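Okay, structure first, notes after.
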There are 2 protein chains.
Amino acid sequence: MVKTARSGAENGPVGPHVVRRVTASAVLDELRSGGPFTVSELVDLTGLTRATVIAVCEDLVRRGWAEEHVLERLGPQRGRPPRTFGFRADGGVVVGLDIGAHKTTALVADLRGEILGTASGAFRDSEPGARERLDVVSSTAVAALRAASSAPERVLAVGAGVAAPVDRSGHVAEGSDFWEMFDVGLAAALRERHGWHVLLENDANLAALAEQWLGAARGLDDVAVVLAGERLGAGLIESGRLLRGRNGAAGELAFLGLVDGAVGPHGIAQLAREWGAEAAAQSRGLAGLAPADVTAEAVFAAADDGDPAAEGVLRRLEGRMARVIAVLSTLLNPELVVLGGAIAPAAARLLPGIRLELKELTETPAEVEVSALEGEAVALGAVRRALDDVAERALEIDLPGSQAG
Amino acid sequence: MVKTARSGAENGPVGPHVVRRVTASAVLDELRSGGPFTVSELVDLTGLTRATVIAVCEDLVRRGWAEEHVLERLGPQRGRPPRTFGFRADGGVVVGLDIGAHKTTALVADLRGEILGTASGAFRDSEPGARERLDVVSSTAVAALRAASSAPERVLAVGAGVAAPVDRSGHVAEGSDFWEMFDVGLAAALRERHGWHVLLENDANLAALAEQWLGAARGLDDVAVVLAGERLGAGLIESGRLLRGRNGAAGELAFLGLVDGAVGPHGIAQLAREWGAEAAAQSRGLAGLAPADVTAEAVFAAADDGDPAAEGVLRRLEGRMARVIAVLSTLLNPELVVLGGAIAPAAARLLPGIRLELKELTETPAEVEVSALEGEAVALGAVRRALDDVAERALEIDLPGSQAG
DNA sequence: GCAGAATAATTTAGACTCTAAATATAGGTC
DNA sequence: GACCTATATTTAGAGTCTAAATTATTCTGC
């Protein structure tokens, strides 16, 4: 659909080596996604010739992406012992950052996504400046690297999630006054300080990647992940691709106001407080709390005790969520909607009600599940994003310690 | 984001010829998108060597995709006269079909998208059976080919739009009882009868392709096209790609009920009638029409005459449209929303009101324009779809009349 | 121990493609 | 007619793949 780019001139010179790029990618993909393989297995998997597979593997070993395994033969086998090659998951590391309003989390993972180290840090000020944020983020990342017994030089890519729209070029959308100045700062500053390749991304988008990778949406290609808590936003994946929209603002759910007449967008936690306080004020009970003391947790706890007013609040929340999911289902037709964010722990109890209402609201209801990734979805998604980037650039990257020219 | 497929084995054998495929694509893309070029120009455009470009061009000529032009030199020029090559737009044709409820339209275009012939046919029965539909569609397509002085054997691809969800594999989504049986019938039957390669697609999706190709959204990568009339649906393009969703149902706008409390989905024309009739019944005028006589056209005409009740209906329509567009803008963040379908002729007068309301409803309002493609959007989009398919498969297609083995 | 079977690695020959550099060609200019 | 210019063609060299032939390693059975 419409040309992508003046094709040739920019895509580097063509030549016999592009063939090698294709074959090397094929082999590397197999190695990355599976255990060590014998050459014969790789021949079967890729459809390439034995001679080619060996040449490619030796190439990959030289470049640091693969290693030859010394095989331990279990039982007696016939024939010449095969050579086996495996992916070098320790060829480098990636970092996943979840940069929140008050704190930041860093994960360090190997090239297969195994988490090697974690750290988190809090911003001292409640409204920290760019410098403060940058320092905390940077030192948290370094701390996670230390916990992983790794070092900044070994980092091949960094994924970073922020609670703001991020466009396709990795810039925080204009008009988002708070982040506007900081975004360029983050990617540029981390590159400056450590030489890192930073991929900035909206947090809900990363949560979606994480759910698709390790969570409730594992392996599905059409998914929406709703992050509900103080904020409300969604990460959308269609046909395996993140949707960002023109300015990176896709996935905002501020149409809530249109859906049931509320004024402006509201996080679910906020709503629970607000509606809970209403109920308390109307002296409908809620465990005798004063309206000012009503927290989201208190409402959920009261509902557990059978408080009818609190249960009424939950019904309203179910309705609200069902409407949001109904709009997503109708407009985007995902296979599954995952509920995540701060609401996740409480969401399980809303699920039956939501599913029931959803069926009435749309002809194409998605499945609905609750995230099981706890607080780590965004950081895990950042890891996934970084891994994807590394996989894409693999053959252009010179791995530290490789003997390649 | 997750592996796509067991890479190698299915992708055909690798070898030096894949390089040729790359270079040939690069040259062919340039030729297709521009006038005839001299070899030197192609060298600049593609970054390839002169020797390569000539070899590739001669290859393309042999395969029927390009032709060598005899140059007419305008003024005196220095140097050896260059060879020039051009795309052979007449190497074959594509067909675009708009299969509606009551009639069908067929366009025939050359490989550059120039429309060569048109035809349309009506179904005799109001609820025609599969056989009747198939016969009319087939003969309409053949009539359009005749009008284009072409023939069924020259058809390289057929795009076909239907008013039903179509999933990625080209099948009408299950549960859509009416089309369910017919869809497979259409693609299979046209292949059977004429050997055509048929690409079934949702009509709103095709309208979106058309707007992006020739219409108000020319060249934009993030667009939504709302088809409003008796029915209501949208075609969504994000990052240059159509969104289909899990079952092809993406773009449905039946969430309208959620947005302002209406029951079930309603086409705009229906609403105009309904609300107009309400207004008439409340004896608020509407040019003295009896409620039963109120048509959408009558409402718009009355508004033109300054009838306040009719204007009230238009305000309500503006509000409804603005809400729909607001949801699209917020959730998908397109750059532009195009209003098309039966509403298009009347929509221009709603535009100012819609734009004004939209700004109040979302933080990321899209631009809003009215389609200028008149009734042809779907059929044109079908042509575009077919052309894209041909472009993608170009080097695997044996063009009729080529001397390639 | 040793021939033979089984499996895999390595080598060799052949084909195709690209680039780069050298050579040839077709016009115009002086 | 000699020269200049822009282009075309040829030639040499390198990289890559496949396919087929050759060599290597191990186990089995006697």
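Everything numeric in this text was worked out from a predicted model, so none of it was measured. Proteins come first, then strands; the chains are lettered A, B, ... in the order of their sequence lines, and each starts at number 1.
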Pairwise 5' ranking along DNA chain D for Asp59(A) and Thr38(B), keeping only the more 5' one = Thr38(B)
Starting from C1' on dC18(C), measure out to NE2 on His17(B) and report it in whole angstrom.
-> 15 Å
Name the residue closer to the 5' end of DNA chain D, choosing between Glu58(B) and Val18(A) according to the nucleotide with the nearest heavy atom.
-> Glu58(B)
Nearest-angstrom distance from the residue atom CZ of Arg20(A) to P of dC18(C) | 18 Å
Of Glu67(A), Glu58(A), Glu41(A), which is the lone residue that meets salt bridge (charged side-chain N to carboxylate O under 4.0 Å, His left out) with Arg83(A)?
-> Glu58(A)
Quickly work out the Arg21(B) CZ to dT16(D) C1' distance and round it to whole Å.
-> 15 Å
Is it true that atom CD of Glu392(B) has more than 12 heavy atoms of other residues, nucleotides or ligands lying nearer than 6.0 Å?
-> no
Once you round it to whole Å, what is the distance between C1' of dT25(C) and CZ of Arg83(B)?
-> 13 Å
Sequence neighbours left out, cut at 3.5 Å: what donor-acceptor pairs do the side chains of residues 107-117 of chain A make with other protein atoms?
{"from": "Asp110(A)", "atom 1": "OD1", "to": "Arg112(A)", "atom 2": "N", "distance (Å)": "2.8"}
{"from": "Asp110(A)", "atom 1": "OD1", "to": "Gly113(A)", "atom 2": "N", "distance (Å)": "3.0"}
{"from": "Asp110(A)", "atom 1": "OD1", "to": "Glu114(A)", "atom 2": "N", "distance (Å)": "2.9"}
{"from": "Arg112(A)", "atom 1": "NE", "to": "Arg32(A)", "atom 2": "O", "distance (Å)": "3.2"}
{"from": "Arg112(A)", "atom 1": "NH2", "to": "Leu31(A)", "atom 2": "O", "distance (Å)": "3.1"}
{"from": "Arg112(A)", "atom 1": "NH2", "to": "Gly34(A)", "atom 2": "O", "distance (Å)": "2.7"}

Would you kindly give the CZ-to-P distance between Phe37(B) and dA6(D), to the nearest whole Å?
-> 20 Å
Does a sphere of radius 6.0 Å around CD in Glu396(B) hold more than 12 heavy atoms from other residues, nucleotides or ligands, not counting ones at 6.0 Å or beyond?
-> yes
The side chain of Val39(B) lies closest to which of these nucleotides: dA8(D), dT10(C), dT16(D)?
-> dA8(D)
Return no unless some side-chain N or O of Thr23(B) is found under 4.0 Å from OP1 or OP2 of dC18(C).
-> yes
Below 3.5 Å, can you tabulate the donor-acceptor pairs from side chains in residues 149-158 of chain A to any protein atom, sequence neighbours excluded?
{"from": "Arg154(A)", "atom 1": "NH2", "to": "Asp90(A)", "atom 2": "O", "distance (Å)": "2.5"}

Is any side-chain N of the basic residue among Arg168(A) and Asp221(B) closer than 4.0 Å to the acidic one's carboxylate O?
-> no
Which parts of nucleotides 18-30 of chain D does protein reach within less than 4.0 Å, heavy atoms only, written one letter per nucleotide 5' to 3' as B for base, S for sugar-phosphate only and - for none?
-> B-----BBBSS--
